[in-house]
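Below is one structure, written out as structure tokens; the observations come after it.
Hydrogens, waters and symmetry mates play no part in the numbers below; they use all other heavy atoms, side chains included. Remember, it's 1-based here, ligands and their atoms both numbered in the order they're listed.
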Amino acid sequence: MGRRQMWRKVSSIPQITYFKPAGIRMAELEEVKLLIEEAEAIRLKDLEGMEQEECARRMNISRSTFSRLLDSARKKIADALLNGKAIRIEGGNFEMATRRFRCLEGHEWEVPFETMISTPPEVCPKCDTPSIMPLFPAGIHRGGHGRRTGGRR
Ligand SMILES: [Zn+2]
């Protein structure tokens, strides 16, 4: 199926997820959408200065996939910077290094990436309720995921 290979491990999500050039009216503003995993690729390679091999390992993807991700991220950022477009950071096929869950009763716990992609939790480990939900950092919307909802739009 290959779907699992699409999960990219992300250990940091940017706090600021929208950048807008000064002096351009909203109506005329074009927007570039940078995926969360593209932002992570830039962070590891360009900000932290890691080798591509290491970056790919950290994100749990092949080196060629990482390379494509990085190219795509750089191209989008260059496009925004040089053509005066806004950047919105959101969506993608990623999973956090650890994901926090909360159940209906208010219990919270963390699930590591490796568990998330193999056997995501179905019930709360404390009270066994199936009414659980993942907690996302504020302002993050994911896209292209569709595991539970079945398919993409
Ligand atoms: Zn519970």
Please check if the side chain of Thr115 supplies one atom and the backbone of Val111 the other of a donor-acceptor pair under 3.5 Å.
-> no

Lys76/Ile87 under side chain to side chain contact (heavy atoms under 4.5 Å, CB included): CA gap, chis, key distance, verdict = CA-CA 8 Å; Lys76 286 179 180 179; Ile87 300 176; over 6 Å; no

Are the side chain of Lys85 and the backbone N or O of Asp79 linked by a donor-acceptor pair below 3.5 Å?
-> no

Note, Leu29 side chain near Met26 side chain (heavy atom, < 4.5 Å) = yes

In the protein, N/O/S atoms that are found under 2.8 Å from the Zn ion (ligand 1), waters not counted = Cys103 SG, His107 ND1, Cys124 SG, Cys127 SG

Please say which of Arg102, Lys126, Arg99 ends up in a salt bridge (charged side-chain N to carboxylate O under 4.0 Å, His left out) with Glu108.
-> Arg102

For Glu37, does its backbone N or O pair with a side-chain atom of Glu40 as donor and acceptor, under 3.5 Å?
-> no

